[in-house]
Colleague: 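Below you'll find the structure I mean.
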Amino acid sequence: MTATVTRTIPGDATECSQILAQATADRRTVRIQGSGTKSYLGDVGTTDIELGTERVAGVIDHVPADLTVTVGAGTRMADLKVALERAGQFLPLDPPHADEATVGGVIAANSNGFWRARYGGVRDLLIGTRTALADGTVARAGGRVVKNVAGYDLDKLLVGSLGTLGVIVEATLKVLPLPETSDGLVARFERPDEAFAVAHAIVRAAARVEACVIDRTDEGFWRVAVQARGSGPTVMRAISDARREVAARHGDAAELADALDRMRELPARATDGAIVKVSLPVAASAAFAENAARLESFAALAVDAASGVARVHLTNEDDAVIRDAEALLLAARMVGGSGRIERRAERLRSRLLTWPNRPNGDFLMRRIKEAFDPAGILEPGRSAFA
């Protein structure tokens, strides 16, 4: 269990930087807290200070004509969605915990959803940041326009850093006009090869869909959820093509309803056992999912057909969960993929580490961490490199 001695809530970047400078001088460790939706990530232990970002929030600048928005990092994604909708725009990110997640948390965790293959991920949409560093300075990177000057793209270092390099206090992101219409379907199949064949055909079709995800139901069926958004003719063609692929393999199609939302929120719902998240070559995802469903601890899975990112939820006796989680990570590495334990029950934290094996780039990332935070005060244990 994590424990904190002091909670502090800075009101701006300057105050935040001063807190970090004092913490560095006193060698006091800092945990960064937005809305807390992803506090289960990493192997963080006891910290001295919890730094909240809720006061560093709100829309700072929105230029609809430039398709950019600048917000405080503590801004909830749901609040940003409402603000952009007033101007007929949206941020094309659909991360888990969508209602409560903050912009800073989404960036720090590199939290992407099923729209990634269509619009790009956090790295592609982030164009500028202000970050409070451990030495008390406030660093700017990027800018507030889509075309920035050439140079080192320091913003990208913060994406997925889990707060170990600095406290993001402001971010500028690309936005898009709201789509004219939306439609979708969910199809059911008896065999995984049928479901994955349909999904792969759909994501390769000329009319691109926004999301295409496979899961397995409690009854043992395999489902393909498809969503298309955009102009009327484009959406109509995409869903028509999808229905044709489903019919060709004798699947049962129905309305999408909330199927895609439930698949996306698997990390929020699966609080017991463990969730293994892997990134696979697309061609290997079908065999991986089929083997995962045969595991003793298998409870649920969701596979993004376009990106090859899969999450598997395992629930059973602790020893079985640990054994099956390790087997999934090994299976991912054997096909050229990578993985981690994304979430696990509190009782499993000491026995099931987030990164059982060192990720690629370990040496370089450790040098970057030492340059940004030489005292090691920021989020100790949160990242594989911290």
Colleague: Is it true that Val303 and Leu295 fall in one hydrophobic cluster, defined by side-chain heavy atoms closer than 4.5 Å?
Modeller: yes
Colleague: Do you see a donor-acceptor pair shorter than 3.5 Å between the side chains of Asp66 and Thr68?
Modeller: no
Colleague: If we ignore hydrogens and angles and just use 3.5 Å, is the side chain of Thr102 paired with the main-chain N or O of Arg76 as donor and acceptor?
Modeller: no
Colleague: Is the NZ atom of Lys81 crowded by more than 12 outside heavy atoms at less than 6.0 Å?
Modeller: no
Colleague: Answer yes or no for Arg367 and Phe372: cation-pi contact, defined as NZ/CZ to six-membered ring centre under 6.0 Å and angle to ring axis within 45°.
Modeller: no
Colleague: Can a donor-acceptor pair be found between the side chains of Tyr40 and Glu346 at a distance below 3.5 Å?
Modeller: no
Colleague: Answer yes or no: is there a side-chain heavy-atom contact under 4.5 Å between Thr131 and Val138?
Modeller: no
Colleague: Can you tell me which residue among Leu125, Leu126, Leu93 is in a side-chain contact (heavy atoms from CB on, under 4.5 Å) with Ile107?
Modeller: Leu126
Colleague: Might you confirm whether atom CD of Glu190 has over 12 heavy atoms from other residues, nucleotides or ligands at distances under 6.0 Å?
Modeller: no
Colleague: Does any part of the side chain of Val69, heavy atoms only, come nearer than 4.5 Å to the side chain of Thr172, both counted from C-beta?
Modeller: no
Colleague: Take atom CZ in Arg249; do more than 12 heavy atoms of anything else shown fall under 6.0 Å from it?
Modeller: yes
Colleague: On the ring face of Phe385, is Arg366 found with NZ or CZ under 6.0 Å from the centre and within 45° of the axis?
Modeller: no
